[in-house]
Amino acid sequence: MEGQKKKIGFLITGGPYTFEHLDTAYHLSKAALKKGYGVSIFLYLDAVVALNKNIKSPGERHIPSMFKELADEGARIVACGDCAHFRGLTRDLLVEGTRLTGIATLAEIIEECNRFITLGMGE
Amino acid sequence: MEGQKKKIGFLITGGPYTFEHLDTAYHLSKAALKKGYGVSIFLYLDAVVALNKNIKSPGERHIPSMFKELADEGARIVACGDCAHFRGLTRDLLVEGTRLTGIATLAEIIEECNRFITLGMGE
Amino acid sequence: MRALFLFSRTPNQENIRFLKKLIDSSDCVVFIQNGVYIAKHNIELECQNYVLEPDAEARGIKINSNSVDYIRLVDLIMEFDKVVTI
Amino acid sequence: MRALFLFSRTPNQENIRFLKKLIDSSDCVVFIQNGVYIAKHNIELECQNYVLEPDAEARGIKINSNSVDYIRLVDLIMEFDKVVTI
Amino acid sequence: MKKVVILSTKPPYGSSINAEAFRAGLGLAFSETQVDLILIGDGVYGAIKEQSPTKLQMKPISEVYNNITDYNINLFLIEDSIQERNLDFEELAKANIISYEELKKMINNADVVLTF
Amino acid sequence: MKKVVILSTKPPYGSSINAEAFRAGLGLAFSETQVDLILIGDGVYGAIKEQSPTKLQMKPISEVYNNITDYNINLFLIEDSIQERNLDFEELAKANIISYEELKKMINNADVVLTF
């Protein structure tokens with residue numbers, strides 16, 4: 001039953017293409033979903049840029065699509081609204097299935113997840 | 001005469017609000033312009049986000065306006081177009097007086113500047 | 001309470017010293033991202049420890065044993081009581 | 001050829017050792033950003049060296065002498081032959 | 001409610017990570033999570049009392065650490081980190097000074113550990 | 001034309017900075033700037049010959065270092081950095097191995113030094 005599904009939560013801070021943290025979170029989330037766990041991801045600081053659907057990445061992986069794919073498979077993908085404002089990411093640019101929220105949602109995710117992982121202090 | 005003015009060039013890689021490199025470049029550029037030097041700035045990697053005019057920074061310094069201000073005072077402000085595509089920064093979002101270019105422009109700036117400074121390896 | 005430590009930075013004397021101070025024998029360490037370069041150093045840890053295989057393979061770091069893939073890492077995440085990234 | 005080194009990272013044993021290997025007595029070092037914490041350590045460098053005052057003040061680091069402001073740093077940038085950031 | 005330990009490892013300027021670790025903690029505390037904020041490694045530089053980043057057009061994070069009891073967050077500093085950086089206890093905000101052994105115990109007792 | 005020395009200090013994955021240092025060098029070399037690319041510190045990890053980041057959906061930067069002569073860029077590795085990381089010379093791309101003293105001379109002779 002959905003309510004009893006075990007969940008893993010993530011807080012990611014490193015930006016797309018610049019750092020590997022979003023990639024690690026994506027691959028771990030795919031594995032977790034495959035095993036039947038729930039996944040919730042909170043994007044903070046530069047990581048919010050990953051949800052910009054205008055990203056063009058010729059010849060490389062397309063990170064916004066990877067996160068849309070996770071959302072399509074049932075993961076909850078949210079990004080810090082304040083961080084988005086500071087980086088010029090407006091709501092209309094968000095990739096489908098994702099949304100902007102506040103730290104209260106991070107608190108909610110931490111509360112509801114059985115395990116919680118931070119990725120991304122930079123290098 | 002314009003052609004004989006000494007020039008300082010910058011290559012910045014750290015993103016706005018996340019790292020201090022854009023701030024250091026701004027303050028150094030202000031000082032250089034005050035002393036009558038020319039200034040050229042090439043924004044690379046996450047630093048390109050600084051030119052997004054949709055950035056809202058309530059209660060904090062507004063970095064896009066700081067770079068527009070430098071451009072208004074005669075500094076040449078350009079950003080790597082490929083880096084912009086990878087971060088969803090489209091041409092229509094660029095703050096006034098700035099533009100997207102390629103590495104050829106970096107080569108040109110290095111060639112024409114008397115001193116050249118890189119700022120921003122992250123921490 | 002047993003913790004799973006995710007070690008993601010290039011190992012150096014200071015961050016390895018820090019890791020050693022935080023772990024005890026019931027914990028587990030998984031080296032991910034640039035942490036996988038640990039395999040080039042002769043470090044003895046008092047708890048079980050693994051290297052994330054796709055991150056090691058990407059970097060050309062050969063692992064003889066103790067490697068895990070993403071699926072096995074998810075198992076470990078659930079097996080231990082909490083995850084600490086350092 | 002005299003170089004101006006901009007040292008912008010939190011000083012530790014490794015990056016200070018690196019700095020010392022690159023400088024000689026005709027060079028200059030300016031500690032900027034988190035480099036200003038150098039003032040808390042007793043480091044002898046063989047060339048002239050300064051701390052960027054606004055970065056030190058921001059961090060609550062007191063500098064007795066050898067501080068420069070942005071204007072003076074621009075002078076130094078022009079006085080030396082090239083700038084090397086480390 | 002869960003007990004959250006935040007490890008804040010970065011210096012207060014140069015990057016915004018130290019300030020954002022606090023902001024995350026503040027939001028969690030507001031949502032009634034129990035938050036222990038630990039300045040560790042270069043993070044302890046954040047506790048220097050008299051910071052003044054006005055010339056950088058930034059706000060002093062020291063203001064929050066100097067008044068941390070206002071925020072429903074418990075502040076801890078790692079003793080070794082302070083000593084390795086030659087900081088004097090007198091120049092730092094009032095906080096609980098702890099050893100690595102005590103940190104290990106806090107991690108043991110936490111439900112979630114966030115690292116910034 | 002000016003002589004540019006690029007110091008590439010970061011490992012090849014984890015961040016894109018190592019790859020982007022190369023890309024900047026490539027663009028400069030294409031614009032007929034003389035480019036010496038120096039892998040130093042963690043940057044030397046980039047020279048490991050057999051990288052395979054396909055599972056990460058990334059491209060191996062080793063391909064460019066293994067074929068650096070194709071790009072009109074001179075590649076240098078710092079000997080101390082290699083040894084401190086316990087790397088074998090045999091597992092690294094063919095490049096000029098230099099000491100800090102030689103690096104100091106190259107910096108002396110350069111017009112511009114870029115650090116990544």
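At most 12 non-hydrogen atoms from other residues, nucleotides or ligands lie less than 6.0 angstrom from CZ of E:Phe30. Heavy-atom neighbours of A:Glu60 CD from other residues, nucleotides or ligands within 6.0 Å: above the threshold of 12. Counting heavy-atom neighbours within 6.0 Å of E:Glu32 CD, excluding the residue itself, gives a total of 12 or less. Shown here is E:Lys104, whose NZ atom has more than 12 heavy atoms of other residues, nucleotides or ligands within 6.0 Å. The 12-atom threshold is exceeded at NZ of E:Lys55, counting heavy atoms of other residues, nucleotides or ligands nearer than 6.0 Å.
At a 4.5 Å heavy-atom cutoff, the contact between A:Ile110 and chain E is made by backbone and side-chain atoms alike. For a residue to count as touching a neighbouring chain, one of its non-hydrogen atoms must lie under 4.5 Å from one of that chain's; by this rule E:Val113 touches chain A with the backbone only. Interface residue A:Leu106: backbone and side-chain heavy atoms are both found under 4.5 Å from chain E.
Taking CD1 of A:Ile103 as the start and OG of E:Ser31 as the end, the distance is 8.5 Å to the nearest 0.5 Å. One distance of note links CD of A:Glu108 with CG of E:Leu28; it measures 12.0 Å at 0.5 Å rounding. Here the CZ-SG distance, from E:Arg23 to A:Cys80, works out to 4.5 Å after rounding to the nearest 0.5 Å. To the nearest 0.5 angstrom, A:Thr118 atom OG1 is 8.0 Å from E:Leu7 atom CG.
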